[in-house]
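Here the structure comes first, spelled out in structure tokens, and everything after it is commentary.
Just the heavy atoms: all of them, side chains too, but no hydrogens, waters or symmetry mates, feed the values below. Keep in mind it's a predicted model, so treat the numbers as computed, not measured. Letters A, B, ... are given to chains in the order of the sequence lines, protein chains preceding strands, and every chain is numbered from 1.
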Amino acid sequence: MQIKLSEENKDFFQRVYEVVRLIPKGRVTNYGAIAKYLGTARSSRMVGWAMNAAHSLPDVPAHRVVNRIGLLSGAGHFSTPTQMQELLEKEGIEVKENQIINFKEHFWDPQVALRID
DNA sequence: CCATTGACTTAAG
DNA sequence: CCTTAAGCCAATG
């Protein structure tokens with residue numbers, strides 16, 4: 001009999017969803033940070049693909065995930081091109097020209113936030 | 001089955 | 001920050 005594996009055994013997409021669900025309201029992160037937290041730092045494209053597939057999921061706040069410079073690269077994939085910005089502004093994040101203002105202060109790093117000392 | 005694409009990132013210049 | 005190059009891998013043609 002073997003030990004039940006933990007989250008390591010889940011699919012990559014599944015793990016991405018878990019992390020994205022943990023993003024606090026009013027915070028954002030980027031694809032690379034998620035990928036890095038999952039141990040696949042260079043598979044950031046897959047995180048994007050996971051978001052694309054996340055549309056069917058009820059509680060995956062894909063609007064809180066942007067690219068590394070705080071640009072709303074996923075905006076065009078929402079129902080309306082402004083949906084993503086609207087959601088972010090609603091959470092207290094200022095967005096201008098598809099770019100998050102003061103991105104660094106809103107940034108949420110799973111590797112730091114979810115680490116256990 | 002091979003080629004291209006894509007909600008990306010990092011490194012080097 | 002910009003450009004170029006390379007890495008990554010599922011999905012699509």
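- Residue L71(A) holds its CG atom at 6.0 Å from CD of Q99(A), rounded to the nearest 0.5 Å.
- Between the side chain of H55(A) and the base of dA7(B) there is at least one donor-acceptor pair of N/O atoms closer than 3.5 Å.
- Annotation: side chain to side chain donor-acceptor pair (under 3.5 Å) contacts of R64(A) (sequence neighbours excluded): E91(A).
- Remark: the separation of the C1' atoms in dG7(C) and dG6(B) is 14 Å, to the nearest Å.
- Of the two residues near DNA chain C, I69(A) and S43(A), the one whose nearest nucleotide lies more 5' is I69(A).
- Proximity note for K36(A) (side chain, C-beta onward) versus dG6(B), dA7(B), dT10(B): the nearest is dT10(B).
- No engagement by A35(A) is indicated, since no non-hydrogen atom pair under 4.0 Å with the nucleic acid exists.
- Per the geometry, CZ belonging to R68(A) stands 16 Å off P belonging to dA7(B), to the nearest Å.
- Note on W108(A): it does not cluster hydrophobically with M84(A), by side-chain heavy-atom contacts below 4.5 Å among ILVMFWY residues.
- Distance R42(A) CZ to dA11(B) C1': 9 Å, rounded to the nearest Å.
- Between the CG atom of L71(A) and the C1' atom of dA7(B) there is a distance of 11 Å, rounded to whole Å.
- Whole-Å rounding puts the W49(A) CH2 to dT9(B) C1' distance at 18 Å.
- Judged by distance alone, the side chains of E89(A) and Q85(A) do bring a donor and an acceptor atom under 3.5 Å apart.
- In the region residues 73-109 of chain A, proximity to DNA chain C at under 4.0 angstrom, judged on heavy atoms, holds for none of the residues.
- Here the shortest heavy-atom pairing between I100(A) and H106(A) reads CG2-CD2, 4.2 Å.
- When all heavy atoms are compared, the tightest approach of M51(A) to Y31(A) is CG-CE2, 4.1 Å.
- With P as the reference atom, dA6(C) and dA7(B) are 22 Å apart, rounded to whole Å.
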- Chi angles and distances behind the side chain to side chain contact (heavy atoms under 4.5 Å, CB included) call for T29(A), D109(A): CA-CA 6 Å; T29(A) 191; D109(A) 188 352; 5.7 Å; no
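- No donor-acceptor distance shorter than 3.5 angstrom exists from the side chain of D11(A) to the backbone of Q14(A), with no hydrogens or angles considered.
- If you walk DNA chain C from 5' to 3' and mark each nucleotide with an atom closer than 4.0 Å to a heavy atom of chain A, the marks span dG7(C) to dA11(C).
- In this structure, N52(A) reaches the bases: a heavy-atom distance under 4.0 Å links it to at least one base atom across the strands shown.
- Listed for the S56(A) side chain is a donor-acceptor partner under 3.5 Å among the backbone atoms of A53(A).
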